[in-house]
Amino acid sequence: MPYYVILNIMTRREWKIRATARLAGTEAPAAVAALLLCHVLGIDKVALVAHSEEQVSSRAEEKLETLLRRRLSGEPVAYILGRREFYGRDFLVNVHTLIPRPETEHLVETALDFFQGREEIRFLDLGTGSGCIAVTLAAERPQWKGVAVDISEGALHMARLNAERCGTACSVEFLQADFTHPLPFSPRSFDLVISNPPYISEEEYAGLDPGVRNFEPRSALVPGPEGLEHPRAVEAAARALLKKGGLLLMEHGYLQGEACRALCPDAYWMDMRTGRDLAGKDRFLFAVRR
Ligand code: GLN
């Protein structure tokens, strides 16, 4: 007589309720439980709601359990799912790339505003990571051409994939290079230098959320003891490479507004100002090359 071992009798709804309870104390437990379900089942949120009484197969349940444990160990959801949304597009991320942050969208928006109506500009993204800045600019303005630089081969691999996925592979050139040294471009050849460089000091890093410290690449966050080492290199590169009237946009820490403006001597720069993020904190440097 055949016999059946029924490994799983949980519906999607039941799995979500249990997972939400186990995730209590972490950020947005119910939403994360739903995201994990959608990810493993390959469905969207609407399908999840519409078919919540369907059973979760034992194979899916095993996968879900693995992902749930990763989340319980503090791993950011973006790494578990392998993606994060930035400026309305989906970016692949992994351990080689910083997870794109909403603050960084301000940089993109400011660049789009500043060059409103300009058909063709040439931009340079220093420390591109997942490529979120360069790929978004190219996707929003198909006539623009850019170069995206990163020292990490792993990050550039992801940035290239993201460029392909967003249909911008022809507009963005990728270069593996250390931007703290002179870059192989003609002087005064870019309209825009944009960067979200590592800017966290060693001291500040020690106090960061463990989810950041234990999982995100330290080299994408900390440039050196002081935190301003890479911002300084970005200013030097921008000074050399921006055309007259070209724009430097650089993200920085909320306490670095004044220090970053001070990196820009009046002899080379004008219209220096500090942009704020949605929380009202100082977040990026805006400066126009003389
Ligand atoms: N430019 C990427 C971002 O904004 C990577 C930044 C970094 O690694 N410091 O997310």
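In this chain, residues are counted from 1 in sequence order. What's counted below: heavy atoms across the whole structure, side chains too, no hydrogens, waters or symmetry copies.
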_Test log, rule side chain to side chain contact (heavy atoms under 4.5 Å, CB included), inputs E105 and D277_ = CA-CA 9 Å; E105 295 182 342; D277 61 21; over 6 Å; no

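- In this structure a side-chain-to-backbone donor-acceptor pair under 3.5 Å is present from D150 to G129.
- Looking only at distances, a side-chain donor or acceptor of T11 sits under 3.5 Å from a matching main-chain atom of E14.
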*side chain to side chain contact (heavy atoms under 4.5 Å, CB included) between L192 and I121, intermediate numbers included*: CA-CA 8 Å; L192 167 68; I121 74 153; 4.1 Å; yes

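- Both tests do not hold together for R83 against F91: distance to the six-membered ring centre under 6.0 Å, angle to the ring axis within 45°.
- Taking the side chain as every heavy atom from C-beta outward, V193 and L126 approach each other to under 4.5 Å.
- Counting only N and O atoms by type, the side chains of Y199 and E251 include a donor and acceptor under 3.5 Å apart.
- Atom NE2 of H39 sits in a crowded spot, with more than 12 heavy atoms from other residues, nucleotides or ligands closer than 6.0 Å.
- Residues S171 and L137 have side chains not in contact (no heavy-atom distance under 4.5 Å, counting atoms from C-beta outward).
- Summarising the geometry, atom CE belonging to M158 is positioned 6.0 Å from atom CG belonging to L161; distances are rounded to the nearest 0.5 Å.
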_Go through it in stages, so that I can follow the logic: the residues are F190 and F123, the test is ring-ring contact (aromatic ring centres under 6.0 Å, His included), and I'd like the CA-CA distance, side-chain angles, deciding distance and then a yes or no._
CA-CA 6 Å; F190 287 93; F123 67 84; 8.4 Å; no

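- Formation of a donor-acceptor pair under 3.5 Å by the S189 side chain with backbone atoms of F185 is not found in this model.
- Within 6.0 Å of the CZ atom in R59, the count of heavy atoms belonging to other residues, nucleotides or ligands does not exceed 12.
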*Applying side chain to side chain contact (heavy atoms under 4.5 Å, CB included), run through H252 and T274 and close with a yes or a no.*
CA-CA 10 Å; H252 57 63; T274 299; 3.9 Å; yes

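- Between the side chain of T136 and the backbone N or O of C132 there is at least one donor-acceptor pair closer than 3.5 Å.
- Counting only distance, with no hydrogens or angles, the side chain of E103 and the backbone of R283 share no donor-acceptor pair below 3.5 Å.
- In this structure the side chain of V135 reaches within 4.5 angstrom of the side chain of C166, judged on heavy atoms.
- Between the CG atom of L248 and the SG atom of C264 there is a distance of 6.0 Å, given to the nearest 0.5 Å.
- Using a 4.5 Å cut-off on side-chain heavy atoms (C-beta onward), R290 and Y268 make no contact.
- A salt bridge does not link R84 with D90: none of the charged nitrogens is closer than 4.0 Å to a carboxylate oxygen.
- In this structure, the side chains of P102 and L278 stay at 4.5 Å or more apart for every pair of heavy atoms.
- Annotation: E226, atom CD; neighbour count of heavy atoms from other residues, nucleotides and ligands within 6.0 Å is above 12.
- Proximity of a side-chain donor or acceptor of T128 to a complementary backbone N or O of D125 within less than 3.5 Å is not detected.
- A salt bridge is absent between R69 and E75: the closest approach of a Lys/Arg side-chain nitrogen to an acidic carboxylate oxygen does not fall below 4.0 angstrom.
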*Hey, mind stepping through L249 and L285 against side chain to side chain contact (heavy atoms under 4.5 Å, CB included) and telling me if it holds?*
CA-CA 6 Å; L249 287 175; L285 171 71; over 6 Å; no

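- Proximity of a side-chain donor or acceptor of E65 to a complementary backbone N or O of E62 within less than 3.5 Å is not detected.
- Side chains of T110 and D113: no donor on one and acceptor on the other come within 3.5 Å.
- Counting heavy atoms from C-beta on, the side chains of V108 and I133 come closer than 4.5 Å.
- The closest side-chain heavy-atom distance from R276 to F284 is not below 4.5 Å.
- Here the OH-CG distance, from Y79 to N94, works out to 7.5 Å after rounding to the nearest 0.5 Å.
- Here the rule is side-chain hydrogen bond (donor to acceptor under 3.5 Å, both in side chains) with D191, and of K145, K243, R122 only K243 fits it.
- Ion pairing between R160 and E164 fails under the 4.0 Å rule for side-chain N and carboxylate O.
- A salt bridge is absent between E27 and R71; no separation between the charged side-chain nitrogens and carboxylate oxygens falls under 4.0 Å.
- Side-chain contact between V149 and L124: present, with at least one pair of heavy atoms (C-beta onward) separated by less than 4.5 Å.
- Under a 4.0 Å N-O distance rule, the pair R13/E53 qualifies as a salt bridge.
- Note on R289 versus E235: no salt bridge recorded, every NZ/NE/NH1/NH2 to OD/OE distance being 4.0 Å or above.
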*Going through the checks in order, is the ring-ring contact (aromatic ring centres under 6.0 Å, His included) test met by F286 and F114?*
CA-CA 10 Å; F286 175 111; F114 185 85; 5.8 Å; yes

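- Taking a 6.0 Å sphere around CZ of R188, one finds it holds more than 12 heavy atoms contributed by other residues, nucleotides or ligands.
- Of the possible donor and acceptor atoms, one in the side chain of R101 sits under 3.5 Å from a partner among the backbone N and O of I99.
- Summarising the geometry of Q176 relative to S152, their closest heavy-atom pair is NE2-C, 4.2 Å, with the distance given to 0.1 Å.
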